[in-house]
Colleague: 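Handing you this structure, nothing more for now.
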Amino acid sequence: MAITATSYARILSSSFECRSDSEYSSSPRPEKAGYGRFAFREGLVRGGVSVRGLSSLIYRFPPNFVRQLSTKARRNCSNIGVAQVVAASWSNHPSATGVPSAAENAVDSAAAAAASAPDAPVEELHAGADVLMVGEFESRQDVQLKDLDRKEVSFLSSNGSLAIHAGERLGRGIVTDAITTPVVNTSAYFFKKTAELIDFKEKRRASFEYGRYGNPTTVVAEEKISALEGAESTLIMASGMCASTVMLMALVPAGGHIVTTTDCYRKTRIFIETILPRMGITATVIDPADIKGLETALEEHKVSLFFTESPTNPFLRCVDIKLVSELCHRKGALVCIDGTFATPMNQKALALGADLSLHSATKFIGGHNDVLAGCISGPLNLVSQIRNLHHILGGALNPNAAYLIIRGMKTLHLRVQQQNSTAQTMAEILEAHPKVKRVYYPGLPGHPEHHIAKKQMTGFGGVVSFEVDGDLMRTIKFVDSLKIPYIAPSFGGCESIVEQPAIMSYWDLNQSERASYGMLDNLVRFSFGLEDIQDLKADILQALDAI
């Protein structure tokens, strides 16, 4: 006797039919908070047995169960999703489910029949068997093991373990036995019947709809970041600038006012100075350490948002996140911290009081100089507002890029540890070198916000900025004498990268205009990769000797 999708459809509740994987991979995000993606509503067993949330999607089957299913059954029930869920509930919770033996026998019989006649036609499952009725998947932002205290899951007790397993082992919505998350390359998702589409539209069914609104691979990347940030929700987009601009437009009303800092990524500054004013949005720009200036701006304006980087680009200035969050919240203003230079490994902006944490995932999170992405993490209600505008504007992350982010994050903790160590050592060496005028690195006692960085960071990052003792041409000679780093924009990858901001980012301005932003001709930004520190040290020293 063989089993098929139609048999499952008859014996399971109508709220969980045998559908393709994407239909019980979640994209919609109802207003519920927590980590992860899946939960199960309480199901029933014919005969009165109650079953609560399944705690794992690690499935166990009779030997060769999957391989022995008929081709037609596999085609009609992709990855035998419903059979996997039922089998998981029996094998993972044998003492809790109370499933009658007749149900176990039904599956055993079906598997045996499939083994003897793998291509047999569809037959009905035993009509008299008491079979588990599994409740529908509920798309939400709760950890799949929602009934367990996260402290009990020992391998989620560290950032490293979270970076590897979050969003995958504990809640990946793609039904697969693969360790790695599959790349779901599709632009749209289908509904078998119009009734299913209406159920989806009226929020009775969890599903995807269109690629711009969500993708199973992308959701895994989002949830992995959420776990690291300690956030209810994360939205991942096509670039860091996309994340910044959509966030600003979504959360600052027309005619609103924002506060930002002098030192920041130039394209962010351009957007704030030239695009937001078209919407009537004005800005106060303060020094990162100017708490008095922040208090004045909060008193004089109805501030919607305080937005800054910490550490900043390229001088690695730090703001006291806890203090500015307290000041802003008293006046009803939101706080968003771009923590790209810090990474979630070195700094937890949300835990320090910020409302939102933003990253260019292109940098340390991706970590391999091979992908563009940006992300925003925070409370579900705020992230949902940004997500709604994102769905209108576009800028969706390609699922192949999401896969690269997931892959890169699994070594994030190791990479950041190495880069923290290398940058700290090299900053100290550069600070002591006679051909270096000044070093900007929050791990140095001489940094203006070193006391703040020590308080809110566990490591100081992999980027060091410094001023060579010389003019534009002498600095160019130093950069060109380096043999290991690439001359390129960006940072945070395995390969070291060096740039002169005056040329790389501000060359369209004259020297005095560059100086007004603090971009002196002798400024160098060095992103340390994963090369051996002795090789990097020797290379930098020989380049300094060459000038």
Colleague: Can you see which heavy atom on Ile452 is nearest to which on Cys318, and at what distance?
Modeller: CD1-O, 4.1 Å
Colleague: Report yes or no: do His257 and Ser304 form a side-chain donor-acceptor pair below 3.5 Å?
Modeller: no
Colleague: Applying ring pair (Phe, Tyr, Trp, His ring centres under 6.0 Å) as the test, list every pair that has at least one member in residues 508-547; sequence neighbours left out.
Modeller: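 Qualifying pairs, neighbours excluded: Tyr506-Tyr517, Phe526-Phe528.
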Colleague: Picking from Gln347, His359, Glu309, what satisfies side chain to side chain contact (heavy atoms under 4.5 Å, CB included) with Ile337?
Modeller: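 One option only clears the test, and that one is Gln347.
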Colleague: Within this structure, what is the CD-CD1 distance for the pair Glu223 and Ile236, rounded to the nearest 0.5 Å?
Modeller: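 Those atoms lie 11.5 Å apart.
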Colleague: Less than 3.5 Å apart, any donor N or O on the side chain of Asp469 or His433 sitting next to an acceptor on the other?
Modeller: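 Looking only at side-chain atoms, His433 and Asp469 do not form any donor-acceptor pair under 3.5 Å.
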Colleague: If you look only at pairs with a residue in residues 484-505, which of them pass as a side-chain hydrogen bond (donor to acceptor under 3.5 Å, both in side chains), with sequence neighbours excluded?
Modeller: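 Output for this query lists Asn369-Glu495, Ser496-Glu531, Glu499-Arg525.
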Colleague: Would you call Lys477-Asp471 a salt bridge at under 4.0 Å N-O?
Modeller: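 Answer for the salt bridge query: no.
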Colleague: Considering only residues two or more places apart or on different chains, which pairs with a residue in residues 380-421 satisfy ring pair (Phe, Tyr, Trp, His ring centres under 6.0 Å)?
Modeller: Tyr213-His391
Colleague: Output yes when Arg317 and Glu449 qualify as a salt bridge under the 4.0 Å nitrogen-oxygen rule, no when they do not.
Modeller: yes
Colleague: With side chains defined as the heavy atoms from C-beta onward, is the minimum distance between Val468 and Val524 less than 4.5 Å?
Modeller: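 In short, these two side chains touch, coming nearer than 4.5 Å.
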Colleague: May I ask you to say whether Asp532 pairs ionically with Lys537, meaning some side-chain N is under 4.0 Å from a carboxylate O?
Modeller: no
Colleague: Return yes if some donor-acceptor pair links the side-chain N/O of Thr217 with the main-chain N/O of Val184 below 3.5 Å, else return no.
Modeller: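 Indeed, once roles are kept as given, a pair shorter than 3.5 Å links the two residues.
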